[in-house]
Visitor: 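Can you keep this structure in mind? I'll have questions shortly.
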There are 2 protein chains.
Amino acid sequence: MAVTRRGMGRDGRPTLEQVAARAGVGRGTVSRVINGSPRVSERTRAAVQQAIADLGYVPHRAARALAANRSDAIALVVPEAETRLFAEPYFSGIIRGVSAELADTDIQLLLTLIRTPKERQRFSQYAASHRVDGVLLVSVHGDDPMPDQLAEMGIPVVMNGRRSSDEMVPHVDCDNVGGAQLAVEHLLGRGRSTVATITGPSDMYVARCRVDGYKEALRAAGREPDEDLIAKGDFSEESGHAAMHKLIKRRPELDAVFCASDLMAIGARRALRELGRSVPGDVALVGFDDSALARHMDPALTSVRQPMEGMGRAMTRALLAEIGDSGPDRPRLVLPTELVRRASS
Amino acid sequence: MAVTRRGMGRDGRPTLEQVAARAGVGRGTVSRVINGSPRVSERTRAAVQQAIADLGYVPHRAARALAANRSDAIALVVPEAETRLFAEPYFSGIIRGVSAELADTDIQLLLTLIRTPKERQRFSQYAASHRVDGVLLVSVHGDDPMPDQLAEMGIPVVMNGRRSSDEMVPHVDCDNVGGAQLAVEHLLGRGRSTVATITGPSDMYVARCRVDGYKEALRAAGREPDEDLIAKGDFSEESGHAAMHKLIKRRPELDAVFCASDLMAIGARRALRELGRSVPGDVALVGFDDSALARHMDPALTSVRQPMEGMGRAMTRALLAEIGDSGPDRPRLVLPTELVRRASS
DNA sequence: ATCACAGCTGGGAGCGCTCCCACGCGACGA
DNA sequence: TCGTCGCGTGGGAGCGCTCCCAGCTGTGAT
């Protein structure tokens, strides 16, 4: 019945209709006020806002989403494996940044952990049906087709990091090359002459960048990179431990190591201790990530800090821009990294 | 026009209507199949399911939410301060658990970080208007009125931890008393005779529980707790450091310390080193949380593990049950803790 | 053969919002 | 004085679903 339309919402909360009645205007006008349309006179706007305040009206999201064909929500997609490895500060830093940026937009953050290929599939489908306005992708692997899939479907996407140097999908990355350079320059600046590095897996772009930065810094200082001083790891502590042993065997005289992750630095530190070498006395150590572990290592680990919260914010801004304009500009941001000096170097 | 109703959805995706047409049934029937109503014949059900598969139909969440007056989403509310302190493994562990439990329910997880009282207010309002089906609250402080507010409004809530021993709001906690007992028993079992403790802030229930467990274990072993052996901290590393110094000054002969957090254990370890006492030779150390820091400490720290992922799962199950039945049973779960033995004790 | 009743089914009536078309009303030029 | 314009405004139509009531069938009892 038409009468019902004038009543309270089902859960006893006021509806647009009631606000309109109270303010003595039509539904359309209230809607305009809520959505900040300029086509409302100042008088009317004030009256409506008063009515909204009086009634404590809050728009019904589902109704709004249905009518306007948008969801006012974005998804942050995280491969579950990452939540273990990068738990801190990676994960929470990004979340904090995203959340901060969303705080005054009344857009909701949906968190989706992806465990299995099946769940991945399911999410793609979910996203495809415009159930979210946009997607934030974290730590995407080199062979992951999801970013492109989503982009092709016309869903706004922003990734954290990139899969290759010519990444086409909009992304926000940090300056891995620059960070590595910073680390090596610092080591060189402290008078170290034989600087080695322990790398991440070579099929990860981020790992390659860090090696590139290492080599770059060496060349800039007039030295040719020496393959014997480059040992491969996989970001894990164990791999750092093994790599360090290998390095010392190959080049007993080395006096500095740049590790592409804090975890590997921890492994390396253990190996050095086993070998009776002191840090930073015999060997200076620098890590990457500036995790809590770095701060609490003994000696505290010098490390390259990535602006995680800043990346979260930047990603969100980029995504919102994409959602807003649907313009063809595909943002590609690279945020600077920073060296945090501690006792290990 | 009625004709339009038979067409595709706005974004080119199939609607219920189309599935119905394809399956040669009515809208109601398709809806029944989707929602698992038993009042559909097997033949019809199969036909509908086939049509759904053919069309790749995915229900429109907003439409569903609007019509059914539920949102198919729950919120996980985290005070932002906590994301820094407990980043790992607390935060990510819970999220993993929640997410796992939600995986096959098609309920969405909304993550809300709360920074300011204003945001807190805003969230209450948001929740109040049935924009989420339920709320998960993490690390609530003793004086926080939000849980009660939400509960009074009839919004299903489950907290992680409790504010006091007679907590009325449904919650899932871990056995802090038992965990502390485990730690102290272990220390005693290793032949330590003078076991001290560094506590958390006494206005936090969880901290009081851990002290209680400490005393309990002592009494069970036939010793009276000695106030000189109890030093107050605030869970931070710095406070652990200060407390350790105080403890050694008061009781130089102590040979074991149970710290109510790993962070404080790290501080205590530093103090011991400054005082020239070895771990575990002179003093055995046990922490609480089993964070990554504990594993990487030197020597690796024995610590009480809280089943974070399990708590996340349990909370979610409890919340879903509450949402489902709206029965008057207010779940109060206490999950067991576990001692992880390492080199420090 | 008739009636009652259950088991399935179709589709109308909304849910609370946005979109958009049409309308009223002053100001203005002819 | 009579259009004409454009700003504000009201409200119909509809978003895709669920709920629910009526109706349609087939069965067993009478």
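Each chain gets a letter, A, B and so on, in the order its sequence line appears, and its residues count up from 1.
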Visitor: Only distances under 3.5 Å count here; give the side-chain donor-acceptor pairs of residues 149-160 of chain B to other protein atoms, sequence neighbours excluded, each with its distance to 0.1 Å.
Guide:
unit_1, atom_1, unit_2, atom_2, d
B:Gln149, OE1, B:Ser124, OG, 3.4
B:Asn160, ND2, B:Tyr90, OH, 3.2

Visitor: Could you give the distance from CG (A:Leu111) to CD1 (A:Ile95), rounded to the nearest 0.5 Å?
Guide: 5.5 Å
Visitor: Could you tell me how far apart A:Ile34 (CD1) and C:dC17 (C1') are, to the nearest whole angstrom?
Guide: 9 Å
Visitor: Sequence neighbours excluded, which residues qualify as side-chain contact (heavy atoms from CB on, under 4.5 Å) partners of B:Arg45?
Guide: B:Val33, B:Val40, B:Glu42, B:Gln49
Visitor: So if I take residues 43-65 of chain A and measure heavy-atom distances to DNA chain D, which residues fall below 4.0 Å?
Guide: A:Thr44
Visitor: Any salt bridge linking B:Arg120 with B:Asp144? Criterion: basic side-chain nitrogen under 4.0 Å from a carboxylate oxygen.
Guide: yes
Visitor: Provide, to the nearest angstrom, the distance between the CD atom belonging to B:Gln18 and the C1' atom belonging to D:dG16.
Guide: 11 Å
Visitor: Can you identify which nucleotide, out of C:dT9, D:dT9, D:dG10, has its nearest atom closest to the A:Val25 side chain?
Guide: D:dG10
Visitor: Would you say the side-chain atoms of A:Ser99 and B:Arg115 include a donor-acceptor pair closer than 3.5 Å?
Guide: yes
Visitor: Using distance only, find each side-chain donor-acceptor pair of residues 63-70 of chain B under 3.5 Å and give its atom names and separation, not counting sequence neighbours.
Guide:
unit_1, atom_1, unit_2, atom_2, d
B:Arg64, NH2, B:Asn35, OD1, 3.3
B:Arg70, NH1, B:Asp72, OD1, 2.9
B:Arg70, NH1, B:Asp72, OD2, 2.9

Visitor: Are A:Arg317 and A:Glu101 within salt-bridge range, i.e. N to O under 4.0 Å?
Guide: yes
Visitor: For the CG atom of A:Asp104 and the CD atom of B:Glu119, what is their distance to the nearest 0.5 Å?
Guide: 8.5 Å
Visitor: Taking the nucleotide of DNA chain C with the nearest heavy atom to each, does A:Leu66 or B:Pro38 sit closer to the 5' end?
Guide: B:Pro38
Visitor: Taking only nitrogen or oxygen atoms into account, show me every contact under 3.5 Å that the protein makes with nucleotides 19-24 of chain D, one pair per line with its distance.
Guide:
unit_1, atom_1, unit_2, atom_2, d
D:dC20, N4, B:Arg32, NH2, 3.2

Visitor: To the nearest Å, how far apart are A:Asn69 CG and D:dA13 P?
Guide: 21 Å
Visitor: Bend across the helix from C:dA1-D:dT30 to C:dA30-D:dT1, to 10°, with axes taken over 5 pairs at each end?
Guide: 50°
Visitor: Using whole Å, what does the distance between atom C1' of nucleotide D:dC7 and atom CD of A:Glu42 come to?
Guide: 14 Å
Visitor: If I take atom OG1 from residue B:Thr105 and atom CG from residue B:Leu320, how far apart are they, to the nearest 0.5 angstrom?
Guide: 6.0 Å
Visitor: Could you tell me the separation between the CZ atom of B:Arg39 and the P atom of D:dT25, rounded to a whole number of Å?
Guide: 18 Å
Visitor: Can you check whether B:Thr29 has a side-chain N or O nearer than 4.0 Å to OP1 or OP2 of C:dG10?
Guide: yes
Visitor: Using a strict threshold of under 4.0 Å (side-chain N to carboxylate O), is an ion pair present between A:Arg163 and A:Asp148?
Guide: yes
Visitor: Looking at B:Thr29 and B:Val25, would you say the former's side chain and the latter's main chain have a donor-acceptor pair under 3.5 Å?
Guide: no
